[in-house]
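Chain A is the first sequence line, chain B the second, and so forth, proteins listed ahead of strands; every chain is numbered from 1. Computed from heavy atoms alone, side chains included, the values below leave out hydrogens, waters and symmetry copies.
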Amino acid sequence: MKLELVIVGAGPAGLSAAPHAGKLGLNYLLLESSPAPANTIQRYQKGKHVMAEPAVVPLRSDLGFAAGTREAILDGWERSLSDLGIEVRYNAEVVAIRGERPDFVLTLADGGSLTAENVILSIGLQGNPRKIGVDGETDRSVQYTLDDPDEYRGETIAVVGAGDAAIENAIALARNNTVIIINRRDEFARAKDGNLTLITRAIEDESISCFYNTGVASIETSLAINLNTETGETRVPCDRIIARIGAIPPRKFVESTGIRFPSDDPTTLPELSGKYESNVPGLYVIGALGGYPLIKQAMNQGFEVVEFIKGNEILPADHGILEDKFQYLPYDKSVDETLDIIRNNIPLFENVNGLILRELVLASELLTPSKSDVIFHKNDYTNTFISIVEGEVEVETDSGNLITLGPGQFFGEMSLLSGRRRSASVRASAPCVLLETPRREIVKLMNSYDQVRKVIDRHFIVRTLRAGLVPDAPQGELEAVAETAELLSFRAGDVLFREGDESDGLHLIRNGSVSVSRNIGGRNIVTTYVAAGNYVGEMGLVGEARRSATVTATVATESIFLRADIFQTMLQRNAGLRERIQTKVRERISENLRMEAAPDAGDLISFLMQQGLGEATDVLLIDETLCVGCDNCETACAETHDGTSRLKRAAGPSYAQVHVPTSCRHCEDPHCMKDCPPDAIRRAPNGEVYIEDSCIGCGNCERNCPYGVIQMASAREDAPNLLSWILTGSGAAPGQRQTVATPNAIKKAVKCDMCKDLSGGPACVRACPTGAAIRMSPSEFVNLARKAN
Amino acid sequence: MQASILAFRGRRYLWVALALTAICIIAYWLDDPQEPPNGGTLLGYSLGVLGALMVAWLTWFGVRKRDYLSGSGTVQGWLSAHVYFGLSLMVIVLLHAGFQFGWNIHTLAFVLMTLVVVSGLCGVFIYMQFPERLSENRGGASRSELLDQLEDIDRRSRRVAAKLPEAFRDVVTSGVQRTELGTTLWQRLRNQDRSQIQLPNASATVPNKGQEAAMDWLAEQQSRADAESAATIAELSALLRNKRKLLRQIREDLRLQAGLEIWLYAHVPLTAALLMALLAHIVTVFLYW
Ligand SMILES: Cc1cc2nc3c(=O)[nH]c(=O)nc-3n(C[C@H](O)[C@H](O)[C@H](O)COP(=O)(O)OP(=O)(O)OC[C@H]3O[C@@H](n4cnc5c(N)ncnc54)[C@H](O)[C@@H]3O)c2cc1C
Ligand code: HEM
Ligand code: SF4
Ligand code: SF4
Ligand code: SF4
C-alpha cells in the first residue's frame, strides 16, 4: 500500500513531524535506522543538560521539549511516542530513495521497500557509523557505539579503529577488561596528542595489546574475530567487538536521491524552497541536514513541513522575530515584501535561494543610522559584513580619500576575510538602511554560491590594492587586475617562495601570516614576520630578479598572487607605486640588517611561530626571568570568571626564557567558531573572542581549538568575602572554589575573554606581582625578540 | 626583558620613598624639642602616626593582592611601592623613636618590624635571583614534563628488569617506590636526597642517595653475569644514570621553587606578630600618657 508520507530519521525533526502528520490525518510512517528514537541525542554524554536555544524562538510541536537532562528529554519523548500512537519502525535504515511526488520508492538496508507520495528527509548530519565491512558486521555482539564503559567487566573486547573515539573507548574498557585494539596502520596518526600518549603507554605497559597494520578478515558470530596481520591470518576469540571507525557523512546518500547542492564544498547545504522542499518535488529536507543545527528549530520545522505538505499556508515560527526586526524600518510592508526589497536592492543576493536569504536576514541586524553616525571605527576587530539596502556611506581610507558607497554595495569584507582589524572607518553620509550579517552566515553563503564568493573576492582584491599600493588608480584598471589575480592557499609550513627562486610575482597576504627567513652563514634565520594585509615578494620586482629570502606560511594562509608582468604594467601606469615599493624595500633591508645582527632573536620568532602564534591577535606570554611561579595570574583569572581559570600557567613550552602558557590567543580566524550550533562564539570590537550565554555545551569548540584552551565547566560555589576569609579563613581560598556537586550540573564552554567586561583590563596581567605576565600582539614579537637577546 | 619590581616605571616609587624619607630626616634635623627626641614630642608623635599608617598600608598589600577586581593600578606597581616604602619605614620609625631602645613592648614592636623588613629584603633578593635559574635549570620543559620523563624512565626500567631474574625486578621496584623528592618546603629547600632502597638479602633498606646504592648493586651483578644478561643490566644502568641526572634537575627545580615560597612563611606571620605588638605599643602609650 502506498503511504501518503514517509519520514526518514527519528531525530527531533522527524519525531516532531510524525505526530503532526497523524493529527492532520496523513497516512504516514517514521523510519529510524537505530534501535531507538533520537540517536544523536542518545549519543550525548550521560546526564548532559540539553539546552533549548534559541530562547527567542517559541516551540511549535505536538511533542514537548524544554531544557533538561538528556535522560529526562528522551524519557519524555518515548512516553509521548506511545501516548500519541506514533507509527515508527526502528532498525530501518533507508539506503535509497528514487522518484518524485507522488511516486517515491524507498529501499531499506534489509532489502525491503516502501512506496510513498511524499518524503521528509530528517536524517541529521551525524551520519551513520561506518561498518566493518565483512560478514557478521551487523551481528549483535558487534557494536558501533559505547555509552558506558563501566558496564562491562572481565570480558575480552576487541576495539577496531585508531581515532580518538577508539582510543578513548579502549583505555576506559581496559580498566576492567582485557582489551585488544586493531589498527589498520602502523601508528595512531589521527589521534590527539593526549590520547596518543595514553595509548602508546598502555601498549608498552601491556595493559592493552595492539595489532598494527591489521585489517579485519571476518567475524565468527560464536564469537571470534579473524585478523589479517602482516604475518598472516590470526584468530582472536573475544566476548565483544566494538568498532569506532568514523561515520559516513550523509552527503552522498542525499545526492543519490537527486537533491542538488549548490557547490562541492562539504559544508554546503542543499537548496530548499521556503517550504523546505528540495529540487525533487515531494522530497522535503528539515533539521540539521537542512542547516538548522538546534533541536528546537528542527522540531518547529517538523511541524511546519507537515502543514506545507497538507497544502496549508502557515507562517514560520520565527515570523514574529522578523516582524520585530523590520518594525523600525522606513517601509510599511509585510515581512515577505521587506525581504523582497532587500533582495532587489542588493545584487549580491540576487540568486540566493529564498529560505537561505530568510535565514541570513534572521541572523542579521538591520541598522538605521542617521547621517554621520559611525558604523564602525578603523581598528575595530568586528568581522560582520554590511550591505547597503538604502542610503549612502563614506569610507575614510588611509590616504584621506573618501569613498562613497551606495545602495546595493557592501563593505566589511576586508576584516571578514582577513580576520584583522577594520582597515577604515565608515560613517553614514545620509540616512541608511543597512543589513549587518554575522561572519558565519556570509561564510556559509560564500561556500554555497560560487558567484557570491567571486564577487566578494574581487572586491577584496580591488580594495586591498587601493589601500596599500595604488590609491589613485582608476576603478576599471583595478578590476582588470583583480580578474587576473590568483587566490592561493597554503598550509602551515608551506613555502610561498624560496631564496634564490626567480621572482615571478607579488603576494598580498589575505589571511594567516608568513615568516621571512634568510640563509646567513649556513643558518636559516628568521628575519621577520608579516601579517595579513601586507605584501611580500616586492624586492625581486623592483630590484634583483631573484628572491632574496624564503617566505613560509606560519599558519594556514591565503595570498592573492599578482604575476610579475601584471605588476610591471601597474608600475608603469601608477607614478607613486615604484616609490612606495622602494620605501618598503628600504624598511625591509634595514629590518634584515638589524635581525642579522641578532641571529638568536630570529630563533625566538620561529619558536613563537611554531606555537601557532602567527594567527594570534593577542597572546599571554610569561617572562621566565621574572616569574616566581606563584600562580596569582591563574587565581586572578578564576576569581574574575566564576571560579574557573581559563589559563594554565605552568603548561606549555618555553624558549629563551619566554613561556607560552596554555591560554587563548584570540586567533584572527578563530577555529573554535567553526561549528558552534547556536553561533555563540563572537568577536568583540577590541578583538576578544568570547562565548555568549547561549552556548548549549555541545563541546565542538573544545575539539576544534587546536591550542586546547577551551574547557567545559560547570558552576562553582560562591566566593566568600575576601576580608572575612583573610581574618577567619572561612570559605574557599581564592582560586580554590569547588564545583557545585550536582550530578547533572550544566556544563558550558569557557575560555579567556580578555576580561573584556573588567574596566582595568586583563586580570592575569594586573595581578602578577612581578610583572612577568604580559599580553602582546604578534606585531610586537620582533621587538620582544630583540630585547630578549 | 620586562621591568622588574625594582625597576618598575623608571623606579618611580624609589624616588617618592626617598623624598619622603628625606623630608622626615630634614624635619628631625631641624626640630629642637625641649626633651631629647622621642615618640612623645610633636614631631615624634607625627612620625609615629605616619609609621603606623605605613604599616597598615604595607599590610593592606596582602588584601590588594587578592582583590582581583580592583582597578587601582597593577599588583606589580603596588609591590614596587611596597618594597620601597617598606624600606623607608625603617628610617622613619628610627626617627620616631629618637633612636631610644629598651627592654619593653615598644622595642619589641621595633624588632618585629625589623624582622619583617629583613625578611622582605630576602624575598626581593630571591625574586630577583631565582626565576632565571629556575628557567635555565628546566631548559624549556615544564615541571610536569620533567615528572613525566621520570615516570617514563621508571616504566622503561621495569620493562627491562622484567627480562632479568626476580631480584632485579624487586630492586627496580623498590628503588622507584622509595625515591623521595621531599614533601615539605623545608625538605625541598635543604635538597637532601633521602631516597632508600631494599637490596636482596639485606635486612633493612639502605640509603640510595643519587641512586648510587642501586647503581653499585647493578655494577656488581653485571660483573658476574653472562654476556647476554650483562648487556641487559648495562641497559638498566644507563636508564638509571639518566634518572639520576633527571632527579638532580627536578630536585633543583623544587629547591628553587621552595625558596621562592618559603620566605613568605616568615614575612607574613611576622607581619601578624608586628601588628599585635604595634597595637600593644599604641595602647600602652595612650594608657600611660
Ligand atoms: C554533543 C552535542 C550536544 C548538543 N546539544 C544540544 C543542545 O543542548 N541543545 C540543542 O538545541 N541542540 C544540541 N545539539 C544539536 C542537536 O543535537 C541537533 O541540532 C539535532 O539533533 C538535529 O536534529 P535532526 O532531527 O535534524 O537530526 P538528528 O538528531 O541527527 O537525527 C537524525 C536521525 O536520523 C537517523 N538516520 C540517519 N540516517 C538514516 C537513514 N539513512 N535511515 C533512517 N534513519 C536515519 C539517525 O539515526 C538519527 O536518529 C547538540 C549536538 C551535539 C553533537
Ligand atoms: C613593616 C613592613 C612590612 C609589612 C607589614 C609587610 C607586609 C606584607 C604583606 C602582608 C604581604 C602579603 C603577603 C601575601 O599575602 O602573600 C607582603 C608581601 C611582600 N612583601 Fe612585605 N611587608 C613589609 C615590608 C616589606 C619590605 C621592606 C619588603 C622588601 C624589601 C617587602 C617585600 C615583600 C614582598 C617581595 C612581598 C611578596 C609579594 C608576593 O609575592 O605576593 N615587604 N608584605
Ligand atoms: S579558543 Fe582556540 S581557536 Fe578560538 S580564538 Fe582561542 S586559541 Fe583560537
Ligand atoms: S560555544 Fe562551544 S560548546 Fe557552546 S554551543 Fe558553541 S561550539 Fe558548542
Ligand atoms: S602571577 Fe606572574 S609571577 Fe606569578 S605565576 Fe603568574 S606570571 Fe608568574
Side-chain angles (χ1 to χ4, degrees), chain A residues 197 201 204-206 607 621-630 632-633 635-641 648-659 661 719 722-723 725-726 733-735 755 758-761 763-774 783-789, chain B residues 1-9 59-80 82-83 123-124 126-136 138-145 148 151-152 155-156 158-159 162 253 256-261 264:
Chain A
T197 328
R201 243 183 226 176
E204 273 182 16
D205 286 354
E206 292 165 11
F607 162 74
L621 297 178
I622 290 176
D623 179 347
E624 287 195 338
T625 60
L626 294 179
C627 175
V628 297
C630 63
N632 211 34
C633 42
T635 310
C637 183
E639 288 307 307
T640 47
H641 294 90
K648 297 203 179 75
R649 194 265 314 166
S654 313
Y655 182 82
Q657 309 202 311
V658 176
H659 177 63
L722 177 57
L723 275 182
W725 174 77
I726 290 180
C755 297
L758 297 186
S759 52
C764 48
V765 172
R766 281 188 301 134
C768 173
T770 64
I774 43 177
N783 249 332
L784 173 87
R786 264 197 233 120
K787 270 200 279 173
N789 284 281
Chain B
M1 276 158 273
Q2 302 300 306
S4 69
I5 40 174
L6 295 183
F8 180 77
R9 297 273 159 88
T59 309
W60 188 252
F61 176 69
V63 178
R64 171 60 187 86
K65 181 182 163 186
R66 294 174 177 82
D67 184 4
Y68 301 107
L69 289 169
S70 165
S72 65
T74 62
V75 174
Q76 189 198 11
W78 271 73
L79 182 55
S80 182
H82 179 90
V83 166
V124 171
I126 292 171
Y127 274 22
M128 303 308 286
Q129 293 293 317
F130 282 23
E132 199 154 351
R133 278 153 68 184
L134 196 70
S135 159
E136 262 160 25
R138 268 185 208 154
S142 66
R143 182 174 311 144
S144 62
E145 272 165 15
D148 274 355
E151 231 186 278
D152 203 51
R155 209 180 14 254
R156 276 156 55 197
R158 283 210 186 89
R159 265 218 321 281
D253 189 60
L256 291 167
Q257 189 64 52
L260 283 165
E261 287 166 28
L264 266 172

With a 4.5 angstrom heavy-atom cut-off, which part of A:P769 approaches chain B: side chain, backbone, both or neither? both
Considering only heavy atoms, which portion of A:A650 lies under 4.5 Å from any heavy atom of chain B: side chain, backbone, both, or neither? backbone
Checking heavy atoms, do the side chain of [X], its backbone, both or neither come under 4.5 Å from chain A?
{"X": "B:R155", "answer": "side chain"}
{"X": "B:S80", "answer": "neither"}
{"X": "B:Q129", "answer": "neither"}
{"X": "B:S144", "answer": "neither"}

Between atom [atom1] of [X] and atom [atom2] of [Y], what is the distance when rounded to the nearest 0.5 Å?
{"X": "B:L79", "Y": "A:T770", "atom1": "CG", "atom2": "OG1", "value": "8.5 Å"}
{"X": "B:Y68", "Y": "A:C764", "atom1": "OH", "atom2": "SG", "value": "12.5 Å"}
{"X": "B:K65", "Y": "A:C768", "atom1": "NZ", "atom2": "SG", "value": "10.5 Å"}
{"X": "B:Y127", "Y": "A:C630", "atom1": "OH", "atom2": "SG", "value": "6.0 Å"}
{"X": "B:M128", "Y": "A:L626", "atom1": "CE", "atom2": "CG", "value": "7.0 Å"}
{"X": "B:S135", "Y": "A:H659", "atom1": "OG", "atom2": "NE2", "value": "10.0 Å"}

Does any non-hydrogen side-chain atom of [Y] lie less than 4.5 Å from one of [X]?
{"X": "B:P131", "Y": "A:T625", "answer": "no"}
{"X": "A:L723", "Y": "B:V63", "answer": "yes"}
{"X": "B:Q2", "Y": "A:L784", "answer": "yes"}

Please name the pair of heavy atoms, one in A:P734 and one in B:R66, separated by the smallest distance, quoted to 0.1 Å.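 Heavy-atom minimum between the residues: CG-CD, 4.2 Å.
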Sole candidate of B:T74, B:L69, B:V75 that passes side-chain contact (heavy atoms from CB on, under 4.5 Å) when paired with A:R766: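 Exactly one candidate clears the test, B:T74.
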Contact winner vs chain B - [options], heavy-atom pairs under 4.5 Å:
{"options": "A:N632, A:T640, A:I726, A:L758", "result": "A:N632"}
{"options": "A:R201, A:E206, A:K787, A:E639", "result": "A:R201"}
{"options": "A:D623, A:V628, A:T197", "result": "A:V628"}
{"options": "A:A767, A:G761, A:A772", "result": "A:A767"}

Is the count of non-hydrogen atoms from other residues, nucleotides or ligands lying under 6.0 Å from B:R159 atom CZ greater than 12? yes
